[in-house]
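Right, one structure below, let's go through it.
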Amino acid sequence: MPAITLPDGSQRSFDAPVTGAEVAASIGPGLAKAALAMKLDGKIVDLSTVIAEDAKIIFITRRDEDALEMIRHDCAHVLAEAVQTLFPGTQVTIGPSIENGFYYDFARNEPFTTADFAAIEAKMREIVQRNSPFIRSEQDRDAAIAFFEAKGERFKAELIRDLPGTETISFYSQGEWLDLCRGPHMRSTGDIGGAFKLMKVAGAYWRGDHTKPMLSRIYGTAWRDQKELDAYLRMLEEAEKRDHRRIGKEMNLFHLQEEATGSVFWHPKGWKIYRTAEAYMRRRLEATGYQEVKTPQLVDRALWEASGHWEKYRENMFQAIVEDEDKTLALKPMNCPCHVLIFRQGLRSYRELPMRMAEFGACHRYEPSGALHGIMRVRAFTQDDAHIFCTEDQIASETVQFVALLDSIYKDFGFESFRVKFSDRPEKRAGSDDVWDRAEGALKEACAIAGVDYELNPGEGAFYGPKLEFVLRDAIGRDWQCGTLQVDFVLPERLDAEYVGEDGARHRPVMLHRAILGSFERFLGILIEQYAGRFPLWLAPVQIVVAPIVSDADGYAEEVAAAFKAAGLAVTTDLANAKIQAKIREHSMQHVPVIAVVGRKEAEARTVALRRLGVEAQETLSLDDAVALLAAEAMPPDLKRLRD
RNA sequence: GCCGCUUUAGCUCAGGGGUAGAGCAACCGAUUCGUAAUCGGUAGGUCGUAGGUUCAAUUCCCACAAGCGGCACCA
């Protein structure tokens with residue numbers, strides 16, 4: 001006889017097994033109406049689930065966050081029914097809820113287009129209106145397979161065939177329509193409400209496998225009410241305005257063009273930001289005991305063969321053939337083998353370890369055309385790369401130091417938080433299991449010491465070793481790996497790096513591959529989006545515009561600009577024959593952090609009126625004070641710390 | 001690479017089988033003005049590239065390229 005404990009601690013006993021719906025009804029009609037599903041001992045289940053034993057339950061209503069996932073999953077089912085009703089012959093596959101919405105993958109010769117959305121969405125609303133209860137049923141495995149095969153649903157049949165034998169095969173129906181589904185679902189299609197919208201179509205491989213057929217995927221978004229949906233759509237619009245490709249064009253930072261697909265043409269202002277970031281990184285690395293090097297772009301394939309890259313990544317490498325020479329050179333896709341070559345010059349001593357070798361290394365990779373994305377994913381990029389040659393014992397302390405450096409640098413660039421993923425051994429890999437055990441163990445231990453919380457990313461390590469990935473998110477909600485730390489026992493072996501130990505014998509060093517920004521291109525892309533183009537003063541490509549109100553003040557404006565320039569500030573003048581309002585608007589839209597306005601009064605008094613981006617209030621200072629103030633403010637964060 | 005969509009002036013976009021249009025920007029002129037658009041004028045395009053259909057293609061068809069959205073990939 002089940003005794004049911006509610007969230008407030010109260011208990012209710014029943015003489016016989018009851019459904020969640022019955023429990024809710026026994027508590028009150030309000031709850032009976034509001035409850036969509038329940039958490040039974042922590043697991044979300046249908047309200048129709050029969051409770052036979054003592055349990056803790058929490059009812060889920062529209063107000064709960066958990067309701068979102070159910071609304072989205074239910075929406076996917078409704079989408080599938082709508083599509084099969086409107087487009088007979090379309091096969092269903094899978095349709096999960098995802099962040100912000102849901103999708104459903106369909107198999108159909110003719111892929112869907114957004115032109116189909118109006119009809120599909122209308123049909124979906126009809127199904128929601130119909131308010132059909134979701135009814136769960138279970139079936140015998142073979143019967144289920146036969147059922148779907150008879151309907152011509154070969155993808156569903158395949159899914160069932162691949163389910164573990166122990167798994168119950170459950171179905172959910174809504175009206176006449178039925179789908180294989182683990183559940184749970186809400187009570188009926190009406191519980192979905194109206195706050196959903198179809199968003200986009202896309203191709204997607206069956207089971208995420210590029211050797212399998214391409215399905216037609218429809219994405220939708222769904223929320224608890226119209227207000228949430230509207231807020232989400234507004235957020236997407238705002239995100240679009242921050243897109244680095246758009247801001248890059250608006251602020252004239254860079255461009256991309258067909259003649260050099262996947263390579264960035266940096267314009268003066270974009271390059272200024274790049275150089276500021278690079279100079280900052282160089283100071284941080286030098287202060288942390290790194291030595292900077294520079295290695296060749298073109299390297300003989302023999303080196304890539306020795307390192308193992310030729311075998312695994314040849315199709316992704318740009319090759320340079322010179323007619324007169326019987327040699328194949330490749331543009332380096334990474335810097336590590338070259339760094340090993342520097343390490344191998346001369347006999348190394350254990351006293352030199354850890355050796356931290358840094359390079360702003362320009363690399364080229366022939367990325368698949370579909371992977372290119374603005375300046376975030378390109379074919380030519382520069383890594384803030386470094387390799388730390390160390391002993392196995394030093395992995396932990398080097399990792400701890402690295403994480404501290406990365407954390408400090410991300411904060412200086414305005415990123416307060418980031419995600420860390422731990423990627424362990426992939427299926428295709430070099431090195432023995434024993435070596436992998438040690439490498440993964442050392443990295444895990446280092447994370448524990450450094451206090452790094454990570455999520456496990458199984459099987460996603462590099463072929464030569466496990467890695468930590470430091471992930472930042474762009475304006476559109478896409479995650480990008482920026483920083484990385486990879487433990488490598490393999491490459492030193494392959495390229496025969498060694499040092500003389502305390503014992504006088506030769507030993508293999510361990511290599512830690514590490515980057516903080518990852519690639520400058522990607523990082524600057526994310527930085528543009530992070531600030532929506534409104535860079536802090538130290539990073540802004542144009543820090544100050546001096547704008548005279550009348551042409552009588554032009555001479556003084558030039559003088560003011562010269563004074564700022566002498567203090568190392570990036571300043572321009574705007575002597576255009578335009579009203580001050582127009583100048584303010586123009587430079588505000590260009591996200592210039594400070595506009596120094598000078599009119600007759602200022603010229604007379606030798607002052608400037610400073611107007612900060614987006615702030616109407618102005619402060620009038622003497623020219624000398626203004627220069628001192630802004631010069632101090634524009635100091636990069638690391639130098640500021642040194643000064644203070 | 002795969003599926004779909006897109007490509008027209010520097011930018012944002014409209015148009016459409018009879019060789020193109022707007023706004024902003026640019027240039028010229030007037031205006032000298034106190035904190036997010038002063039007014040007027042001028043100029044600007046092989047309609048992504050290459051084929052095909054047609055009396056005629058920027059428009060229709062095919063191929064390719066690049067971009068966009070996903071998927072796959074990401075040393």
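Here the structure is a predicted model, which is why all the values come from computation and not from measurement. Naming: A, B, ... by sequence-line order, numbering from 1 per chain.
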[atom1] atoms of [N] and [M], separation to the nearest Å:
| N | M | atom1 | result |
| --- | --- | --- | --- |
| A25(B) | A43(B) | C1' | 13 Å |
| G10(B) | G52(B) | P | 29 Å |
| A14(B) | U8(B) | P | 10 Å |
| U59(B) | U54(B) | P | 16 Å |
| G48(B) | U58(B) | C1' | 11 Å |
| G51(B) | C64(B) | P | 16 Å |
| C13(B) | C68(B) | P | 14 Å |
| A57(B) | U19(B) | P | 12 Å |

Picking from D105(A), T93(A), D162(A), what satisfies side-chain hydrogen bond (donor to acceptor under 3.5 Å, both in side chains) with R207(A)? D162(A)
In the strands shown, is [N] matched to any nucleotide by a Watson-Crick or G-U wobble pair with both distances under 3.5 Å, and which?
| N | answer |
| --- | --- |
| G69(B) | C3(B) |
| A63(B) | U49(B) |
| C33(B) | none |
| U58(B) | none |
| A43(B) | none |
| C13(B) | G21(B) |

Tell me what [X] touches on the nucleic acid: a base, only sugar-phosphate, or nothing, going by heavy atoms under 4.0 Å.
| X | answer |
| --- | --- |
| G374(A) | sugar-phosphate |
| A202(A) | base |
| K249(A) | sugar-phosphate |
| T261(A) | sugar-phosphate |
| G308(A) | nothing |
| H587(A) | nothing |
| D209(A) | nothing |
| P368(A) | base |

State yes or no: are the ring centers of [X] and [Y] separated by less than 6.0 Å?
| X | Y | result |
| --- | --- | --- |
| F112(A) | F87(A) | yes |
| H267(A) | F254(A) | no |
| Y219(A) | Y103(A) | yes |
| Y366(A) | Y313(A) | no |
| F463(A) | H309(A) | yes |
| F102(A) | Y104(A) | no |
| W223(A) | F196(A) | no |

Rounding to an integer number of Å, can you tell me how far [X] [atom1] sits from [N] [atom2]?
| X | N | atom1 | atom2 | result |
| --- | --- | --- | --- | --- |
| M334(A) | C74(B) | CE | P | 13 Å |
| F117(A) | G69(B) | CZ | P | 15 Å |
| E521(A) | C74(B) | CD | P | 20 Å |
| F112(A) | G69(B) | CZ | P | 23 Å |
| L610(A) | G34(B) | CG | C1' | 15 Å |
| H210(A) | C73(B) | NE2 | P | 8 Å |
| Q486(A) | C74(B) | CD | P | 13 Å |
| E259(A) | U49(B) | CD | P | 12 Å |

Between the base of G1(B) and the side chain of Y205(A), is there a donor-acceptor distance below 3.5 Å? yes
Base of C3(B), side chain of R217(A) - is there a donor-acceptor contact under 3.5 Å? no
Checking E398(A), M357(A), M511(A) against I388(A) for side-chain contact (heavy atoms from CB on, under 4.5 Å), the one that qualifies is E398(A)
Please examine the side chains of L331(A) and M317(A), heavy atoms only from C-beta on, and report whether any two atoms are closer than 4.5 Å. no
The side chain of [X] lies closest to which of these nucleotides: [options]?
| X | options | value |
| --- | --- | --- |
| R478(A) | C2(B), U32(B), G70(B) | G70(B) |
| R600(A) | G69(B), U12(B), U32(B) | U32(B) |
| V550(A) | U32(B), G70(B), C74(B) | U32(B) |
| E258(A) | C74(B), A66(B), C11(B) | A66(B) |
| Y219(A) | G34(B), C71(B), A72(B) | C71(B) |
| R377(A) | G4(B), C73(B), A75(B) | C73(B) |

Which is more 5' along RNA chain B, the nucleotide nearest H513(A) or the one nearest Y366(A)? Just name the residue. Y366(A)
Return the 5'-most residue of the pair R207(A), T114(A) with respect to RNA chain B, ranking by each residue's nearest nucleotide. T114(A)
Does any residue of residues 457-471 of chain A have a heavy atom under 4.0 Å from RNA chain B, and if so, which ones, in number order? A462(A), Y464(A), K467(A)
How far apart are the C-alpha atoms of E559(A) and R606(A), what are their side-chain angles, what is the distance that settles it, and do they pass the salt bridge (Lys or Arg N to Asp or Glu O under 4.0 Å) test? CA-CA 10 Å; E559(A) 209 181 312; R606(A) 302 196 57 77; 2.4 Å; yes
For F489(A), does the six-membered ring have the charged nitrogen or CZ of R438(A) within the cation-pi criterion, i.e. under 6.0 angstrom from the centroid and within 45° of the normal? yes
Consider only side-chain N and O atoms of N252(A) and K249(A), and report whether a donor and an acceptor are under 3.5 Å apart. no
Carboxylate-amine/guanidinium proximity below 4.0 Å for E158(A) and K212(A): no
[X] side-chain N/O to [N] phosphate OP1/OP2 under 4.0 Å:
| X | N | value |
| --- | --- | --- |
| T113(A) | C5(B) | no |
| K312(A) | A75(B) | no |
| R245(A) | C68(B) | yes |

Ring stacking, Y313(A) with base of A75(B), under 5.5 Å and under 30°? yes
Strictly under 4.0 angstrom, non-hydrogen atoms only: write out the protein contact profile of nucleotides 35-41 of chain B, one letter per nucleotide from the 5' end, B, S or -. BBBB---
